[in-house]
Number of protein chains: 2
Amino acid sequence: MATTPPATTRTTARTGAGAADGGRDRAKRADAVRNVESIVAAATRVLAVDPDASINDIAKAAGVGRVTLYGHFDSRATLVREVVDRAIAQTDAALAEVDLDGDPRDALGRMLEASWRLTHRFGALVVAGSQVLPPEEMRRAHDGPMTRARGVLERGRQAGALRADMPIDWQLSVIQAILHGASAAVHRGEITSDDAPGLVRDTALAALTA
Amino acid sequence: MATTPPATTRTTARTGAGAADGGRDRAKRADAVRNVESIVAAATRVLAVDPDASINDIAKAAGVGRVTLYGHFDSRATLVREVVDRAIAQTDAALAEVDLDGDPRDALGRMLEASWRLTHRFGALVVAGSQVLPPEEMRRAHDGPMTRARGVLERGRQAGALRADMPIDWQLSVIQAILHGASAAVHRGEITSDDAPGLVRDTALAALTA
DNA sequence: CTTAAACTGTACATCCGTGTTCGAGTTAGG
DNA sequence: CCTAACTCGAACACGGATGTACAGTTTAAG
């Protein structure tokens, strides 16, 4: 260690899916990758409950030092972005598997149950995102599921299976509200997470039925 | 104005300044009272939108200096407590005027419309309170309206006018969720504040009807 | 008119969260 | 086993928010 290293080796978080852009990076060490996973998982878990959780809280929850976290993510915003991006990916993947054909009410029911799991898992993550990321970026997160849900709603309205005497945007807001309300109720112990999906489905369906 | 002798007074809000002298209290001056009102009003307005608003923001919105605010309220928590207390008082007063007799569905509708106005006015105030005040103190805020609403719900369920196949706590949560969802939707420009009460009433009623 | 209460801005001490730097210890992997 | 990558804790700079202290001016009220 007599000679000073030429430059401090700063590891830029380069977990990009797809091909590596630009130059080739050395393969990341195994424990590094493992730690990044721990951090993202912990951040998701913690931020879903408390969107104002500090970097310290997240690092502690991940079982790593605060400095180590900064070694993988430039800033809090970067970390939040990564977490949100993964949540979006999981959400899209989960919703893409939902069968939207057949009776509109049944289709909506299936979508509601799937959405419940996601809402319950990610909770207040959207709040954390909104506080750090530009609103445009959050827009994208909700856009996918929104248009998907809107499609089902429109079909149900035209088929006469759902009431059409309210703005469709309002009906989407109601679904959102019930989903988040259920998450809060579970977290408060008023209902169990087993009962939640059924209650959400029945209640939302009742609210939207003619 | 008049008769008030400068002798008998009671200590309410003190002008904090350090090592106070012996113990001579005088009646509060008129402009002081006026400023306190401005501060509380501004705090209510600001905190209802952004529960994390700083003391500076509130003072600015009230048109007074930051130091003046501290002259009337020891700390941020004190201010929030005062604001919340007043909100509770207004809420109780407004809900006490609602006629809960007659057809349960009509009674619930009236209560929903009244609750909407309060929710829209106070918005995220409950969040600000929860972050600063002990949870027990927030409990009290919701307890009054809650038991009142629960009474109407129970009556409606036993009369067969409302569905009884879900936990009553869940139904209360749904009402809460729809109210807050509507407030968010208005604030987001999706619906107008004129349409909101009707939509809230119709939607909640539909969600709770057998 | 006189006085004390109240207001104001500035400045200061403090706490907390963020982001960075440093030196040293630990571990993966050739 | 040797080296570079990785991790860790402590310490520092910075900014924002909370309270407090001070000194000068305005204003209510007797």
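Labels below follow one simple rule: chain letters A, B, ... track the order of the sequence lines, proteins then strands, and each chain is numbered from 1. Keep in mind the model is a prediction, meaning the values are calculated, not measured.
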>> Counting only side-chain heavy atoms from C-beta out, which of dT27(C), dG19(C), dT7(D) sits nearest to Tyr70(A)?
In response: dG19(C)
>> How many whole angstroms separate atom CG of Leu69(A) from atom C1' of dT21(C)?
In response: 17 Å
>> If the condition is side-chain hydrogen bond (donor to acceptor under 3.5 Å, both in side chains), which residues does Asp106(A) pass it with, not counting sequence neighbours?
In response: none
>> Within the structure provided, determine whether Glu190(A) and Pro167(B) are in side-chain contact (heavy-atom separation under 4.5 Å).
In response: no
>> Between Thr209(B) and Arg163(B), is the side-chain hydrogen bond (donor to acceptor under 3.5 Å, both in side chains) condition met? List the steps.
In response: CA-CA 5 Å; Thr209(B) 299; Arg163(B) 61 192 301 175; over 6 Å; no
> Which whole-number value in Å describes the distance from Phe73(A) CZ to dT18(C) P?
Replying inline: 15 Å
> Taking atom C1' of dA5(C) as reference, at what distance in whole Å does atom CZ of Arg34(B) sit?
Replying inline: 14 Å
> Would you call Leu108(B) and Leu208(B) a side-chain contact if the rule is heavy atoms closer than 4.5 Å?
Replying inline: yes
>> On DNA chain D, compare the nucleotides closest to Ala77(B) and Ala30(B); which residue's is nearer the 5' end?
In response: Ala77(B)
> Over how many whole Å does the gap from Asp31(B) atom CG to dA28(D) atom P extend?
Replying inline: 6 Å
> How long is the line joining NZ of Lys28(A) and C1' of dG29(C), in whole Å?
Replying inline: 17 Å
> What string of B, S and - do you get for nucleotides 9-14 of chain C 5' to 3' if you count protein non-hydrogen atoms under 4.0 Å?
Replying inline: BBB---
> Counting just side-chain N and O atoms, does Asn56(B) come under 4.0 Å of either OP1 or OP2 of dT18(D)?
Replying inline: no
> Looking at side-chain heavy atoms only, is the closest gap between Val127(B) and Leu47(B) below 4.5 Å?
Replying inline: no
> Any idea which of dG17(C), dA6(C), dG29(C) is nearest the Ser54(A) side chain?
Replying inline: dG17(C)
>> Rounded to whole Å, please give me the gap between CD in Glu37(A) and P in dC6(D).
In response: 15 Å
> Looking just at side-chain N and O atoms, do Trp170(B) and Thr203(A) make a donor-acceptor pair shorter than 3.5 Å?
Replying inline: yes
>> Regarding Thr68(B), tell me which of base, sugar-phosphate or nothing describes its non-hydrogen contacts under 4.0 Å with the strands shown.
In response: base
>> Would you say that Ser75(B) contacts Val80(B) through its side chain, given a criterion of any heavy-atom pair below 4.5 Å between the two side chains?
In response: no
> Does His72(B) place a side-chain N or O at less than 4.0 Å from the phosphate oxygens OP1/OP2 of dC7(C)?
Replying inline: yes
>> What is the separation between atom CG on Asp74(B) and atom P on dG19(D), rounded to the nearest whole Å?
In response: 9 Å
> Just how far, in rounded Å, is C1' of dG19(C) from CD1 of Ile58(A)?
Replying inline: 14 Å
> So, does the side chain of Arg29(B) form a donor-acceptor pair with the base of dA5(C) at under 3.5 Å?
Replying inline: yes
> Considering only dT18(C), dG29(C), dA17(D), which nucleotide approaches the side chain of Ile55(A) most closely?
Replying inline: dT18(C)
